[in-house]
Enquirer: 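Here's a structure for you.
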2 protein chains.
Amino acid sequence: MFTALADGTRRAVVDQLAHHPATASELAVRAPVSRQAIVKHLGVLEAAGLVTGERDGRRVVYRFTPEPLRDAAEWMGVVGAEWDERLARLRTLMQR
Amino acid sequence: MFTALADGTRRAVVDQLAHHPATASELAVRAPVSRQAIVKHLGVLEAAGLVTGERDGRRVVYRFTPEPLRDAAEWMGVVGAEWDERLARLRTLMQR
DNA sequence: ATAATCTGCAACCATGCAGTTGCACATGGA
DNA sequence: TCCATGTGCAACTGCATGGTTGCAGATTAT
């Protein structure tokens, strides 16, 4: 999870996909790297469960799936609970 | 931030420090790696603002500082807002 | 059928980084 | 003072990974 989001290019991809689904080629024209690099990044993001790819004819459309963010938020809440009241409330929120 | 938390050893260190402050040597005996490895990790964590080291005589005591977690939580809230109502509420919570 | 477009696979390169070992330096206690 | 303990610095190694290029395979359009 954190590993997947540790890379700036990957966070940019996630930002894009959070707005609207896209293919690797479409993402590549907006990014300063090649299509193949984007494909690899999408592979990492998909392995982390942050993204899912669905074939549509000749294209493969990727969509953002935010579920893993909850796990990360929960961990942050647990670790920060006794140090910050706001994060403690986040923890409660996430556990519901 | 995400880069700092991307490493498992580093997350373990943060977990330890969230419970009670400690020195690099103390952390090293609990971890399966050498003291020098822990020192490097503490350097990364300190650069990310997640930890602060304070000299106390011969020892250097490290403490957990959770402020940067809020930034990460906020980003997660923004990117996930339109996909998950709970993350949207997290976003609101973090912006207060 | 044929050309254009898109994805998938593989090899390859460079850099970063987690980890180790070795040793020097500083500080506290006997 | 002398020794023990703890920290700091540097060099080195192995491996993961972000990036590239080249080409083959599949699908749509002309």
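In the text below, chain A, chain B and the rest are named by the order of the sequence lines, each starting its count at 1.
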Enquirer: Can you check the B:Leu42 CG to D:dC9 C1' distance for me, whole Å?
Expert: 16 Å

Enquirer: If you find the nucleotide of DNA chain D closest to A:Gly57 and the one closest to B:Val61, which residue's nucleotide is nearer the 5' end?
Expert: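 Result of the comparison: B:Val61.
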
Enquirer: Main chain of A:Val13, side chain of A:Arg30: is a donor-acceptor contact present, judged purely on distance under 3.5 Å?
Expert: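 It does not hold such a pair.
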
Enquirer: Using a 4.0 Å heavy-atom cut-off, write out nucleotides 11-26 of chain D from 5' to 3' as B (base contacted by protein), S (sugar-phosphate only) or - (no contact).
Expert: -------SBBBB----

Enquirer: Atom CD of B:Glu26 to atom P of D:dT5: distance rounded to whole Å?
Expert: 15 Å

Enquirer: Give the C-alpha distance, both sets of side-chain angles, the deciding distance and a yes or no for side chain to side chain contact (heavy atoms under 4.5 Å, CB included) between B:Ile38 and B:Tyr62.
Expert: CA-CA 11 Å; B:Ile38 299 291; B:Tyr62 285 87; over 6 Å; no

Enquirer: Report the residues that fulfil salt bridge (Lys or Arg N to Asp or Glu O under 4.0 Å) with A:Arg59, sequence neighbours left out, ordered by chain and then residue number.
Expert: A:Glu26

Enquirer: Locate the shortest heavy-atom distance separating B:Ala22 from B:Leu17; write the atom from each residue and the value.
Expert: N-CD2, 3.6 Å

Enquirer: Measure from CG on B:Asp56 to C1' on C:dA26 and round the result to the nearest Å.
Expert: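 The distance from CG of B:Asp56 to C1' of C:dA26 comes to 14 Å, rounded to the nearest Å.
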
Enquirer: Contact list please: residues 45-52 of chain A against DNA chain C, heavy atoms, distance less than 4.0 Å, in numerical order.
Expert: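 The stretch gives none, as no residue of it lies under 4.0 Å from the strand.
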
Enquirer: Quick one: closest heavy-atom pair of B:Ala48 and B:Ala4, and the distance?
Expert: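 Closest approach of B:Ala48 to B:Ala4, heavy atoms only: CB-CB, 3.7 Å.
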
Enquirer: Kindly say whether A:Gly53 contributes a backbone atom to a donor-acceptor pair with the side chain of A:Glu46 at under 3.5 angstrom?
Expert: yes

Enquirer: Shortest non-hydrogen contact from A:Arg63 to A:Val61?
Expert: NH1-CG1, 3.9 Å

Enquirer: So which atom in B:Pro68 and which in B:Met1 form the shortest heavy-atom distance, rounded to 0.1 Å?
Expert: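 Scanning both residues, the minimum pair turns out to be CB-SD, 3.6 Å.
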
